[in-house]
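Computed from heavy atoms alone, side chains included, the values below leave out hydrogens, waters and symmetry copies. A, B, ... follow the sequence lines: proteins, then strands. Residue 1 opens every chain.
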There are 2 protein chains.
Amino acid sequence: MTSFADRTKRRLRDELLDAAQEAVVAGGYDGLRMAEVARRTGVSRQTVYNEFGDKWGLLEAVAARETERFLLDVNNAIAEQPNPIDGLRAAVERALTLAGENPLIKAALSQPGSDQASQLLTTRGQQVIELAHLRLGAHVREHWPEVPAEDATSCVDVALRVVISHIVTPGPPPAAVADQLARVLSPFLAESRRLHV
Amino acid sequence: MTSFADRTKRRLRDELLDAAQEAVVAGGYDGLRMAEVARRTGVSRQTVYNEFGDKWGLLEAVAARETERFLLDVNNAIAEQPNPIDGLRAAVERALTLAGENPLIKAALSQPGSDQASQLLTTRGQQVIELAHLRLGAHVREHWPEVPAEDATSCVDVALRVVISHIVTPGPPPAAVADQLARVLSPFLAESRRLHV
DNA sequence: ATGTTCTGTCCGAGCACTTGACATCAGAGG
DNA sequence: CCTCTGATGTCAAGTGCTCGGACAGAACAT
């Protein structure tokens with residue numbers, strides 16, 4: 001169904017992103033050279049600009065792809081738990097674990113010239129919040145329809161911001177944070193549920 | 001090192017060959033439609049012609065690729081046996097087994113409009129003989145350098161023609177043929193070796 | 001001050017693929 | 001017998017993407 005040209009374009013994008021990501025992991029934002037990405041992929045420098053506009057666009061695309069993968073993984077963790085509280089705990093733990101192991105996040109946080117990288121993390125944080133809202137909200141609505149949308153939103157919102165904070169400023173182990181959050185938030189959800197039954 | 005364009009061209013060729021091979025397996029030579037190959041690959045009909053010239057060229061390319069894979073597999077079987085006689089037996093058995101399981105060969109042999117397909121098998125047979133000569137000859141020279149090149153060539157030649165005959169006209173199980181050939185040919189090789197020590 | 005390196009932009013040439021048309025041939029059916 | 005259909009093979013014009021080279025500007029080191 002999809003034309004060969006379409007698939008090729010996708011592959012080109014993917015390979016460029018691979019090269020770029022590798023460069024960022026190795027040397028941070030400053031270590032990312034447009035010419036190097038082009039060379040590694042076997043393509044002209046111009047082609048990289050055609051595809052991503054400018055260096056910032058390339059970096060953003062790298063982050064977007066990684067974000068999507070990240071969320072996909074976290075979503076799987078949620079889906080395995082029918083109980084929203086357990087889903088919350090699982091998601092938090094998985095997210096923190098993944099973040100701790102992710103070389104791209106490490107690079108963004110630790111590299112010297114990370115003015116840009118941290119800004120990117122903030123931007124991505126916004127996107128993560130939006131996407132995760134949809135997914136987590138749907139999960140709550142599905143299993144606990146009694147809980148009003150507003151309350152579910154509030155709960156998810158708080159959890160996400162705490163998680164992002166823990167990613168940016170690492171602290172206790174993932175499981176501990178997950179338990180803590182679940183303990184703190186579950187009474188709120190449970191009561192909301194009881195009130196609107 | 002290789003440019004993205006090169007890799008893409010290779011991939012295009014491969015996908016076209018995949019589609020063509022599938023068509024041949026399903027419907028023989030007559031079942032192979034240029035337009036269908038193009039459609040399945042997501043490319044224009046003209047592109048198929050640009051790549052392979054004409055229908056016969058496409059079919060030949062399919063056969064060539066499959067031949068290469070076939071020989072690669074057989075070569076591995078040979079390489080595992082230091083003793084040339086054992087190598088011969090292993091190669092014969094592997095070749096007949098592979099041929100018996102290969103859908104493309106089955107299609108070429110069983111399809112109705114197989115005037116072309118059988119001719120193709122003949123052509124390929126020639127190529128197989130040439131390539132296998134190089135490989136088998138090298139194997140004998142490596143392990144039994146005493147055997148003159150002419151004798152090794154004769155031995156390999158006979159074996160190859162018998163094998164091809166068994167592929168075209170299936171008979172006893174592969175292992176039986178392999179043993180038979182090994183038994184028949186080994187005295188010749190052994191004596192030649194003894195004489196030229 | 002000067003040279004170097006990288007970003008970002010522009011443009012002309014080239015190449016592969018697409019599209020549509022056409023000639024030709026074989027088989028099927030009226 | 002004639003025609004209609006579907007397939008192969010060829011051609012030319014059009015299109016999009018990529019390439020290569022050149023250039024200006026900014027940051028930085030010597």
Side-chain angles (χ1 to χ4, degrees), chain A residues 1-24 26-62 111-117 119-120, chain B residues 1-24 26-62 111-117 119-120:
Chain A
M1 222 35 158
T2 61
S3 79
F4 181 79
D6 290 344
R7 270 172 288 153
T8 298
K9 191 138 190 76
R10 247 164 224 248
R11 203 177 298 275
L12 170 60
R13 224 185 134 81
D14 255 17
E15 294 194 20
L16 289 173
L17 289 177
D18 288 343
Q21 180 157 346
E22 197 174 332
V24 170
Y29 181 81
D30 293 340
L32 176 61
R33 301 289 151 81
M34 303 299 272
E36 179 68 8
V37 169
R39 199 189 59 77
R40 295 278 275 255
T41 312
V43 96
S44 78
R45 197 166 60 93
Q46 182 61 36
T47 299
V48 184
Y49 280 96
N50 289 345
E51 189 64 33
F52 299 103
D54 56 13
K55 187 171 174 176
W56 182 254
L58 172 56
L59 189 66
E60 233 184 6
V62 169
Q111 286 298 334
S114 62
D115 287 355
Q116 287 86 348
Q119 179 181 349
L120 176 136
Chain B
M1 219 37 148
T2 61
S3 79
F4 180 79
D6 289 346
R7 270 172 288 154
T8 298
K9 190 133 190 79
R10 241 169 230 270
R11 203 178 306 271
L12 170 60
R13 224 186 134 81
D14 255 17
E15 295 194 18
L16 288 173
L17 289 177
D18 288 343
Q21 180 157 347
E22 197 174 334
V24 170
Y29 181 82
D30 293 339
L32 177 62
R33 302 287 152 81
M34 303 299 273
E36 179 68 8
V37 170
R39 200 189 58 78
R40 294 278 277 254
T41 312
V43 95
S44 78
R45 197 165 60 93
Q46 183 61 36
T47 300
V48 184
Y49 281 96
N50 289 344
E51 190 64 32
F52 299 103
D54 56 13
K55 188 171 173 176
W56 181 255
L58 172 56
L59 189 66
E60 234 185 6
V62 169
Q111 285 298 333
S114 62
D115 286 355
Q116 287 86 348
Q119 178 180 350
L120 177 136

Could you list, one pair per line, each protein nitrogen or oxygen that sits under 3.5 Å from a nitrogen or oxygen of nucleotides 25-30 of chain D, together with the distance?
none

Using the salt bridge (Lys or Arg N to Asp or Glu O under 4.0 Å) criterion, which residues pair with [X]? Sequence neighbours excluded.
X	result
B/E15	A/R7
A/R40	A/E22, A/E36
B/R13	B/E51
A/D18	A/R65

Rounded off to whole Å, could you give me the CZ-to-P distance for the B/F52 and D/dT8 pair?
-> 15 Å
Interatomic distance, B/L59 CG vs D/dT8 P [rounded to whole Å] = 12 Å
At a cut-off of 3.5 Å, list every protein nitrogen or oxygen paired with a nitrogen or oxygen from nucleotides 3-6 of chain C, distance to 0.1 Å.
{"from": "C/dC6", "atom 1": "OP1", "to": "A/R33", "atom 2": "NH1", "distance (Å)": "3.1"}

List the residues meeting side-chain hydrogen bond (donor to acceptor under 3.5 Å, both in side chains) with [X], not counting sequence neighbours, and say none if there are none.
X	result
B/T8	none
B/N50	B/Q46
A/S44	A/T47
A/D54	none

How many angstroms lie between atom NZ of A/K55 and atom OH of A/Y29, to the nearest 0.5 angstrom?
-> 4.5 Å
Over its full length, what angle do the end axes of the helix from C/dA1-D/dT30 to C/dG30-D/dC1 make, each axis taken from five pairs and the result rounded to 10 degrees?
-> 10°
Please tell me if the side chains of B/L12 and B/V43 come closer than 4.5 Å, counting only heavy atoms from C-beta onward.
-> yes
Would you please test B/L17 and B/F52 for side chain to side chain contact (heavy atoms under 4.5 Å, CB included) and show each step?
-> CA-CA 10 Å; B/L17 289 177; B/F52 299 103; 3.8 Å; yes
For B/A20 and B/L58, work out which heavy atoms get closest and say how close.
-> CB-CD1, 3.8 Å
Can you check nucleotides 13-21 of chain C for protein contacts, nitrogen or oxygen pairs under 3.5 Å, and list what you find?
{"from": "C/dT18", "atom 1": "OP1", "to": "B/S44", "atom 2": "N", "distance (Å)": "3.3"}
{"from": "C/dT18", "atom 1": "OP2", "to": "B/S44", "atom 2": "N", "distance (Å)": "2.6"}
{"from": "C/dT18", "atom 1": "OP2", "to": "B/S44", "atom 2": "OG", "distance (Å)": "2.6"}
{"from": "C/dT18", "atom 1": "OP2", "to": "B/T47", "atom 2": "OG1", "distance (Å)": "2.3"}

Verdict with reasoning, B/V62 to B/V24, per side chain to side chain contact (heavy atoms under 4.5 Å, CB included) = CA-CA 9 Å; B/V62 169; B/V24 170; 5.5 Å; no
